[in-house]
Amino acid sequence: MFTSFLIKYAEIGIKGKNRYLFEDALVQQIKYAVKKCDGEFKIRKTDGRIYVDAVSDFDYDEVVDHLKKVFGIAWICPVKVLHDEGFDKLKQDVVAYIDAVHPDKNKTFKVHARRARKNYPLDSMEINMDLGEAILDAFPEMKVDVHNPELMINVEVRDQIYVYSINIPGPGGMPVGTAGKAMLLLSGGIDSPVAGYMIGKRGVKIDAVYFHAPPYTSERAKQKVVDLAKIVAQYTGPIYLHVINFTDIQLYIYEKCPHDELTIIMRRYMMRIAETIAKKNECLGLITGESIGQVASQTMQSLAATNEVCEMPVYRPLIGFDKMEIVEVSEKIGSYETSILPYEDCCTIFVAKHPVTKPNANVIRIHEQNLEEKIDELVQTALDTDELIIVQ
Ligand code: ATP
Ligand code: MG
């Protein structure tokens with residue numbers, strides 16, 4: 001039935017002079033997406049529109065699934081392409097199209113014709129009227145509503161004739177690659193994959209870092225993070241995941257610092273290390289899955305204490321989200337099932353029974369001085385043993 005898809009984009013349509021950069025980035029991302037599908041496709045950009053044309057057999061559901069993950073796409077419209085064999089034939093074809101695509105005829109509709117080819121014998125108004133009449137003749141249950149139709153039957157006269165009436169929502173946002181790169185602190189939880197998704201949705205390319213604490217955290221916990229990165233990468237493209245061995249740093253903090261401040265000091269070292277890797281890799285910011293008040297390490301005071309060790313902006317897209325809202329997004333993007341697998345993460349192993357909820361940054365700084373002797377060396381070793389996994 002369908003051999004083409006019309007891709008509509010909302011926000012990137014309004015970027016003025018830079019519009020072509022956004023369109024080119026979107027075309028590029030669409031190319032990556034369909035490359036993962038069976039079949040061969042051509043991507044065309046014409047008159048402020050992007051078309052994906054199938055030039056071989058393909059799996060409709062597979063293509064739609066992949067396009068639904070391309071940031072920058074507002075709507076995906078499957079198109080029936082008809083040869084121009086005269087207006088009478090067009091009437092028959094459009095009636096047959098509606099019969100096949102919209103089995104429920106109890107609907108209001110409107111025909112919306114556009115002529116990209118001006119030498120067509122009828123003008124847009126005439127096409128609207130005559131096709132509308134043909135549809136009413138064929139399906140008396142249908143009714144015209146020009147203001148608020150349930151079905152908008154679009155007919156575009158080009159070298160061939162394009163008919164479409166289905167609008168499948170895309171993810172919105174901006175094409176990846178239009179906004180620089182950021183380093184996501186990715187754990188095995190529910191929040192950080194969602195945070196990565198949300199910043200990726202604004203066109204940002206994502207790198208990631210995971211702090212691993214073997215043997216306290218298992219190989220399976222690490223694999224879970226790789227799996228989560230894979231899910232996020234379906235939307236953001238390949239992710240360079242840095243796995244940092246954090247065990248010795250954690251043990252050293254455990255040995256030298258008050259246990260109720262452990263989490264916060266550990267988080268400060270995570271941020272410092274993440275920032276060093278981020279700078280080395282031309283990232284413009286860090287991303288975390290923090291949300292105010294969710295746990296002791298995410299009170300305003302804790303966030304302030306964590307934040308002060310970074311020079312780079314730290315993006316926290318979930319900062320005002322309730323857990324339920326975060327879960328909703330994670331279910332939508334497909335990371336929830338993996339996130340809730342029960343493998344331990346490195347924070348849960350060393351947590352104190354009663355962590356500070358209102359850390360004083362001055363006090364934390366003083367206690368961090370207990371680490372002076374060995375911490376720089378341990379951080380350097382952690383950086384030197386960075387394991388890079390390219391997640392596709
Ligand atoms: P998440 O669901 O993302 O794990 P959380 O609710 O468990 O979050 P914390 O454990 O306090 O919260 O972590 C807060 C943020 O710190 C995470 O969202 C993540 O960005 C980062 N983070 C925590 N642990 C790690 C880790 N082991 N490796 C990388 N980043 C981490
Ligand atoms: Mg966590």
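Counting starts at 1 for both ligands and their atoms, in listed order.
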For ligand 1, is there an N or O atom under 3.5 Å from any N or O atom of [X]?
{"X": "Phe211", "value": "yes"}
{"X": "Pro193", "value": "no"}
{"X": "Ile190", "value": "yes"}
{"X": "Ser187", "value": "yes"}
{"X": "Asp191", "value": "yes"}
{"X": "Gly289", "value": "yes"}

Taking 4.0 angstrom as the limit and counting only heavy atoms of [X], give me the atoms of ligand 1 inside it, by number and element.
{"X": "Ser297", "answer": "11 (O)"}
{"X": "Gln294", "answer": "6 (O)"}
{"X": "Ser192", "answer": "1 (P), 3 (O), 18 (O), 19 (C), 20 (O)"}
{"X": "Val209", "answer": "29 (C)"}
{"X": "Thr288", "answer": "20 (O)"}
{"X": "Gly189", "answer": "1 (P), 2 (O), 4 (O)"}

*For this output row, return yes or no: ring centroids of Tyr51 and Tyr162 closer than 6.0 angstrom.*
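Under 6.0 Å, so yes.
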- Message: I'd like to know whether the aromatic ring centres of Tyr210 and Phe246 sit less than 6.0 Å apart in this structure.
- Response: no
- Mind checking whether Ile98 and Phe109 have side chains closer than 4.5 Å, heavy atoms only?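 Heavy-atom side-chain distance check fails, nothing below 4.5 Å.
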If you count heavy atoms of other groups shown closer than 6.0 angstrom to NZ of Lys118, is the number above 12?
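Counting other residues, nucleotides and ligands, NZ of Lys118 exceeds 12 neighbours.
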* **Glu331, CD: over 12 other non-hydrogen atoms inside 6.0 angstrom** =>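 Check passes, neighbour count above 12.
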Option whose closest heavy atom lies nearest to atom 16 (O) of ligand 1, chosen from Glu290, Arg267, Met266, Met271: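 Looking at heavy atoms only, the winner is Arg267.
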Which one holds for [X] and ligand 1: side chain close, backbone close, both close, or neither close, with close meaning a heavy atom under 4.0 Å?
{"X": "Leu186", "value": "backbone"}
{"X": "Leu184", "value": "neither"}
{"X": "Gln298", "value": "side chain"}

* To do: Find out whether the Lys NZ or Arg CZ of Arg19 is both under 6.0 angstrom from the six-membered ring centre of Phe22 and within 45° of the ring's axis.
  => no
Next on the checklist: Is the terminal nitrogen or CZ of Lys105 (NZ for Lys, CZ for Arg) located under 6.0 angstrom from the six-membered ring centre of Phe139 and within 45° of that ring's axis?
Outcome noted: yes
Search all heavy atoms of Gly180 against all heavy atoms of Leu284 and return the closest pair with its distance.
->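 Looking at all heavy atoms of both residues, the closest pair is CA-CD1, 4.2 Å.
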Looking at ligand 1, does His212 have a heavy atom less than 4.0 Å from it? no
- Query: Going hydrophobic residue to hydrophobic residue with side-chain gaps under 4.5 angstrom, can you get from Leu303 over to Tyr315?
  - Reply: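 No, no single cluster joins them.
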Fill in: salt_bridge(Lys374, Glu255) N-O dist < 4.0 Å
no
